[in-house]
Amino acid sequence: MASYSTNEFRGGLKVMLDGDPCAIVENEFVKPGKGQAFNRVKLKNLKTGRIWERTFKSGESIEAADVLDTSMQYLYNDGEYWHFMDPVTFEQQQADARAVGDAAQWLREQDTCVVTLYNGVPLGVAPPNHVELAITETDPGVRGDTATGGTKPATLATGAVVKVPLFLEQGEVIRVDTRTGEYLGRARD
Amino acid sequence: MAEDLPLDSICRRADLYRQLRAYFAAQGVLEVEVPLLGRAGGTDLQIALMEVVAAGGDERLYLQPSPELFMKRLLAAGSGPIFYLGKCFRGGEQGGRHNPEFSMLEWYRPGFCLERLMADVAALMQRLVPGLAMASRPYAELFAEHCGVDPHRCSDAELDALVAERTRYRGQLNRDAALSLLFAELVEPHLGAGGFFVVDYPAGQAAMAQLVERDGVAVAERFEFYLEGVELANGYLELTDAAEQRARFQADNRERRARGLAEMPVDEKFLAALEAGLPACAGVALGVDRLLGLLREGGAADIADDLLFAWDRL
């Protein structure tokens, strides 16, 4: 198995720590006085999403994780699994609820997502940063009120609930930032 | 698109260099140039020398990690007080406060004791930062205050327990590595504002400093100077005993063998200079790029802010 030395540590590098695949978030080189150098590292456990902090002696190596981010098209949900397809090889993968997590509320069929594979099995799913979804349920629009900045909850086609301006109506298609859940505007068509 | 380089650092560096040179001129300390390449570069286990292989591959030279070996040969030859302001190289040292190629200010004062050299550092810093407050405390006192043990007398097991409980390192560290980590993680964050000297380092961290006995334990005649909590300069009462120096080089190489690291050539011309007689002197090395950062309003976020062509911009 490949391994990485501390001087190869970079943000995004995938490594194994205590048996779990992790991504390096931050790497700080520390060298006190004339002494031993260390790397203070922040890692995200890709299974739990938790941030771990760990210190390594500079020059130490840790095992690389067999983790691969691939662009895949979301196909459908069969009630238990979410199915994705590699648009080049047509190979399909099924991800369980733990792997899909919060991404589930943004997944629209045909959209391209980033599926993180660990030892060939989906470990996580990241929806597109921006999605366009129809409002399926919201209070009736308040005509002419485009300036006061008030908001109301709206349920979208995929089940996500976001805050939208008061003037929007059921059936309108809006753009949302999936990382923050923030309303960005009406979809341009 | 024009390259985004920290051009504002050009004038700030020029201004700092003028002030440094003016200080040493007034003190009668001469500026010297020494080679960047040497046939040896010291044996220190914590320094990864960068090698240069001459065309043809039959000659191997080392970019100097400090001007120390050449400067001490000058001192032994009778140069009198000298300073160097120029580049040094240390492989693999890259981070928010490190760049593998960096600028060092190093100076030697024949006849000075460590206290007098500290006063010299303080005078220089107060010239750069008028009104800068200064303080000084022994390593052991700071260590006891923040880690709860005496670093000179506690057992290895006590240090191991501290590493396991209070740091995020998992695994085995030797005594000096454990002390380094604990000092960096638990003591340094409390060194606070102004100028701060840490003195009387553990004997295992002596490098090229003399040892002295204080309260029944051997400590290194060495100080670290911190500015605003950032380690900036490292001063020694210089080891002048050639036999002891040779023994330290050999011990380093034995430890290198034990750890599977390459042994480093011992600088025989440097040892010959010590044998001929290095005058009693104190010397200090100061990181100039870090100093530039600290002189910025609010301090620099990253050493790369004060390097036109930092490592990632090469």
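Since we're looking at a predicted model, the values are computed, not measured. Letters A, B, ... are given to chains in the order of the sequence lines, protein chains preceding strands, and every chain is numbered from 1.
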ask   = Picking from Ala37(A), Gly35(A), Gly59(A), Ser58(A), which has the most non-hydrogen pairs under 4.5 angstrom with chain B?
value = Gly35(A)
Nearest heavy atoms of Pro32(A) and Ser180(B), plus distance in Å = CG-O, 3.5 Å
message = What part of Asp176(B) gets within 4.5 angstrom of chain A, counting heavy atoms only: side chain, backbone, both, or neither?
response = neither
inquiry  = Tell me if the CD atom of Glu141(B) is crowded by more than 12 foreign heavy atoms within 6.0 Å.
reply    = yes
remark   = Which of Glu93(B), Arg97(B), Gln94(B) passes side-chain contact (heavy atoms from CB on, under 4.5 Å) with Phe29(A)? It is Glu93(B)
request  = Kindly check if the number of other-residue, nucleotide or ligand heavy atoms within 6.0 Å of CZ (Arg98(A)) is above 12?
outcome  = no
Value rounded to 0.5 Å, distance of CD in Gln36(A) from CG in Leu181(B) = 9.0 Å
task = Tell me, yes or no, whether the heavy-atom count around Lys57(A) atom NZ, taken from other residues, nucleotides or ligands under 6.0 Å, exceeds 12.
result = yes
note = Looking only at Arg40(A), Glu28(A), Glu60(A), the option with the highest number of non-hydrogen pairs under 4.5 Å against chain B is Arg40(A)
Structural part of Ala207(B) lying under 4.5 Å from a heavy atom of chain A = side chain
message = With a 4.5 angstrom heavy-atom cut-off, is it the side chain or the backbone of Phe38(A) that approaches chain B, or both, or neither?
response = side chain
query = Nearest 0.5 Å, what's the NZ-CZ distance between Lys31(A) and Arg90(B)?
reply = 6.0 Å
task = Given side-chain contact (heavy atoms from CB on, under 4.5 Å), test Arg170(B) with Arg54(A) step by step and report yes or no.
result = CA-CA 8 Å; Arg170(B) 299 290 166 263; Arg54(A) 198 55 79 81; 3.5 Å; yes
query = Among Leu173(B), Asp44(B), Thr167(B), Leu45(B), which has the most heavy-atom pairs under 4.5 Å with chain A?
reply = Leu173(B)
